Number of protein chains: 2
Amino acid sequence: MATIYEVSELAGVSLATVSRVMNNNAKVSDKTRTKVLQAMDKLGYKPNSIAQSLASNRTNSVGVLVSELHGGFFGFIMDGIENELRIANKHIIITTGHSDEAQEKSAIDFLISRKCDALILLTDSVDDDYLISISKTIPTVLVNRKINGIANNCISLNNEQGGYLATKALIEKGHEDIAYIAGPDWKVDSHDRLLGHKKALTEHNLAYKTELFFQGDFNEDSGFDGFNQLKTAATKFTAIACGNDEMASGAMKAARKQGLDLPKDLSIVGFDNNMFASYLYPELTTVDNSAYFMGKMATDIILKSVYKQDDITIQNVFEPKLVQRNSIASIS
Amino acid sequence: MATIYEVSELAGVSLATVSRVMNNNAKVSDKTRTKVLQAMDKLGYKPNSIAQSLASNRTNSVGVLVSELHGGFFGFIMDGIENELRIANKHIIITTGHSDEAQEKSAIDFLISRKCDALILLTDSVDDDYLISISKTIPTVLVNRKINGIANNCISLNNEQGGYLATKALIEKGHEDIAYIAGPDWKVDSHDRLLGHKKALTEHNLAYKTELFFQGDFNEDSGFDGFNQLKTAATKFTAIACGNDEMASGAMKAARKQGLDLPKDLSIVGFDNNMFASYLYPELTTVDNSAYFMGKMATDIILKSVYKQDDITIQNVFEPKLVQRNSIASIS
DNA sequence: TTGTAAGCGTTATCAA
DNA sequence: TTGATAACGCTTACAA
């Protein structure tokens with residue numbers, strides 16, 4: 001592998017000059033530039049990115065932490081990150097934290113030791129203060145999280161609006177007795193989604209009834225249990241809004257098991273627009289979480305702040321959209 | 001950030017000695033070792049991995065190329081890779097090729113320019129010769145592909161056996177009239193799966209009928225079309241084996257649209273055990289493709305050959321397993 | 001067992 | 001606009 005030194009010899013210039021044409025930096029005369037370029041070409045020269053990093057103290061890499069690599073949400077986010085980074089000729093180093101505090105912290109350490117120029121973190125197992133302290137050490141953007149004080153480096157979804165849209169979609173089809181299967185309340189996501197649900201109810205003069213509320217945990221099973229639990233309550237309902245698509249699927253399975261004909265006997269709306277949403281039967285009407293675009297935007301923040309690409313507009317909060325499919329029936 | 005130099009000063013030893021205790025390499029007296037360790041501790045010393053790479057000509061990173069980051073198959077493979085690499089304290093650099101030859105080649109270039117120690121490639125858009133030439137430049141393992149000459153560096157699934165298992169599962173439930181919706185024939189995967197299907201038929205003295213064959217393209221829509229097409233043929237069938245889960249889903253949707261009651265009126269078996277397989281209705285019986293373990297094993301090959309971890313056993317071909325769920329009914 | 005010193009391939013500061 | 005040359009922080013012969 002040819003080095004910058006060999007190029008400089010062949011071109012009859014100094015190391016410094018070769019370096020300059022590589023970086024399109026200082027002014028180099030056209031004549032010199034072409035001489036150097038030709039030499040590079042002839043030698044098939046490729047800069048050694050490691051040496052560049054050591055000398056420039058910049059690795060052109062950004063570290064990413066997600067919970068898991070499989071799963072629709074993370075996949076789309078990472079697609080958004082990778083695409084954007086690739087265009088900028090930066091690279092992405094990936095680690096997983098498995099939603100475990102210790103593992104997430106060690107993953108962050110790992111990324112830092114790898115000298116990433118910046119971090120994109122997707123975590124809910126690590127507390128605000130820790131993240132704030134990290135962000136003082138290294139440029140950090142948080143996806144799907146919002147922390148006061150570093151809000152400019154946070155990308156999040158307007159979950160309340162999403163919850164609102166979901167329930168509103170039900171109401172507009174004539175539903176008035178709407179149950180809700182929520183995610184864990186300590187997660188802001190699910191907390192906010194529930195808020196949106198209540199808001200839609202209130203706005204349409206419908207009462208929120210605790211008998212029609214079930215507290216799940218975002219997993220499919222809890223949706224299954226949720227439906228069964230709800231069913232035992234005396235209060236009737238014609239629809240269920242779910243905190244995410246997994247639980248929606250669980251609820252659908254339970255309902256069908258009890259002989260209900262979906263969506264005729266029961267309407268369901270989910271949240272996330274998970275990969276499998278369109279594979280469910282009936283195909284699930286749900287709220288898209290903009291995962292791809294959140295990943296892209298997280299990257300843009302870094303491109304702008306770390307790599308000085310100025311022509312970028314940042315948007316910290318994303319507005320969700322309803323994705324209409326076939327899981328909501330009209331009440332006649 | 002403290003450097004090795006400061007550590008050596010504080011410990012009263014030479015640079016070389018500090019380097020030695022870091023790398024657990026040569027013999028260092030216990031006394032010296034603890035002195036150095038203490039100094040490191042006191043200074044909060046962390047080695048600069050970039051400098052290590054430049055000096056040692058090893059980056060401790062492996063480059064990975066997949067088509068997309070979302071999607072079940074890639075997600076699980078990458079999970080397998082990442083987990084294994086993380087344990088070994090190596091890192092993973094990710095790129096995507098979007099199943100496009102030019103993009104895949106440029107991604108490979110990118111990874112090489114990043115000085116990865118090795119490559120893990122998941123590609124079907126790039127030809128054998130190119131991959132062989134790459135593998136001469138840098139240690140490379142191919143996942144879900146098998147190329148003669150570098151078979152030791154290939155990880156693949158026994159697709160024929162998988163196709164065999166799928167159809168056999170149908171036959172064992174009493175089905176004799178079994179249709180097949182295949183993936184593109186130029187993909188070895190789907191070619192082999194079909195072979196397995198035929199083998200199961202033959203083995204049970206059932207005739208393979210071209211009227212019961214439909215050529216799809218691995219996408220859901222083609223499964224949908226496939227069912228409709230098959231339905232128009234005069235020949236009856238009570239079950240369909242599909243080349244993958246997407247097409248199985250498509251076929252199920254089409255069947256239900258025509259009023260069939262699944263699985264009573266039609267049994268279906270898929271292939272891949274895609275993330276959404278258990279979300280389908282009825283939950284899809286399918287063949288697991290061992291994605292996670294293929295990713296893990298790909299990594300193991302590298303751990304063994306590049307990073308000299310000797311206590312590793314390599315397995316190049318994985319045997320698929322049937323995952324029983326509810327999409328096959330018994331013929332009475 | 002430990003130390004010396006020459007790289008590794010760039011970037012960046014000064015001068016010229 | 002160009003060239004010397006000193007970093008960057010580590011590994012690794014080779015010597016001691």
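The structure displayed is predicted, hence computed values, not measured ones.
B:Asn24 places its CG atom 14 Å from the P atom of C:dT1, with the value rounded to the nearest Å. Put simply, CD on A:Glu9 is 13 Å from P on D:dG3, counting in whole angstrom units. Going from atom CG of B:Leu54 over to atom C1' of C:dA6 covers 13 Å, rounded to whole Å. The CG-C1' distance, from B:Asp30 to C:dT2, rounds to 15 Å in whole Å. Here the P atom of nucleotide C:dG9 and the NZ atom of B:Lys115 are 8 Å apart, to the nearest Å. Rounding to whole angstrom units, CG of residue B:Asn57 and P of C:dT10 are separated by 12 Å. Distance, A:Ile50 CD1 to C:dG7 C1': 16 Å, rounded to whole Å.
Here the side chains of B:Asp30 and B:Thr34 are not in contact, with every heavy-atom distance at 4.5 Å or above. With a 4.5 Å cut-off on side-chain heavy atoms, B:Ile155 and B:Val141 count as touching. Looking at A:Ile112 and A:Leu119, their side chains come closer than 4.5 Å, going by heavy atoms from C-beta outward.
Annotation: the terminal axes of the helix from C:dT1-D:dA16 to C:dA16-D:dT1 meet at 30°, where each axis is the rotation carrying the C1' atoms of four end pairs onto the next four (5 pairs per end, rounded to 10°).
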Polar atoms only, N or O, under 3.5 Å: list the protein pairs with nucleotides 10-13 of chain D and their distances.
{"from": "D:dC10", "atom 1": "OP1", "to": "B:Tyr45", "atom 2": "OH", "distance (Å)": "2.5"}
{"from": "D:dC10", "atom 1": "OP1", "to": "B:Asn48", "atom 2": "N", "distance (Å)": "3.1"}
{"from": "D:dC10", "atom 1": "OP2", "to": "B:Ile4", "atom 2": "N", "distance (Å)": "2.4"}
{"from": "D:dT11", "atom 1": "OP1", "to": "B:Asn23", "atom 2": "OD1", "distance (Å)": "3.4"}
{"from": "D:dT11", "atom 1": "OP1", "to": "B:Asn23", "atom 2": "ND2", "distance (Å)": "3.2"}
{"from": "D:dT11", "atom 1": "OP1", "to": "B:Gln52", "atom 2": "NE2", "distance (Å)": "3.3"}
{"from": "D:dT11", "atom 1": "OP2", "to": "B:Ser19", "atom 2": "OG", "distance (Å)": "2.5"}

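Take A:Lys90 and apply the side chain to side chain donor-acceptor pair (under 3.5 Å) test, not counting sequence neighbours, and it matches A:Asn60. Annotation: salt bridge (Lys or Arg N to Asp or Glu O under 4.0 Å) contacts of B:Lys187 (sequence neighbours excluded): B:Asp124. Take A:Thr123 and apply the side chain to side chain donor-acceptor pair (under 3.5 Å) test, not counting sequence neighbours, and it matches A:Glu104. Under the salt bridge (Lys or Arg N to Asp or Glu O under 4.0 Å) criterion, A:Glu101 pairs with A:Lys105, sequence neighbours left out.
An OP1 or OP2 oxygen of D:dT1 is reached within less than 4.0 angstrom by no side-chain nitrogen or oxygen of A:Thr17.
Residues A:Asp117 and A:Thr59 have side chains that bring a donor and an acceptor to within less than 3.5 angstrom of each other.
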Please walk me through it: do A:Ser61 and A:Ile93 pass side chain to side chain contact (heavy atoms under 4.5 Å, CB included)? CA-CA 7 Å; A:Ser61 68; A:Ile93 295 181; 4.0 Å; yes

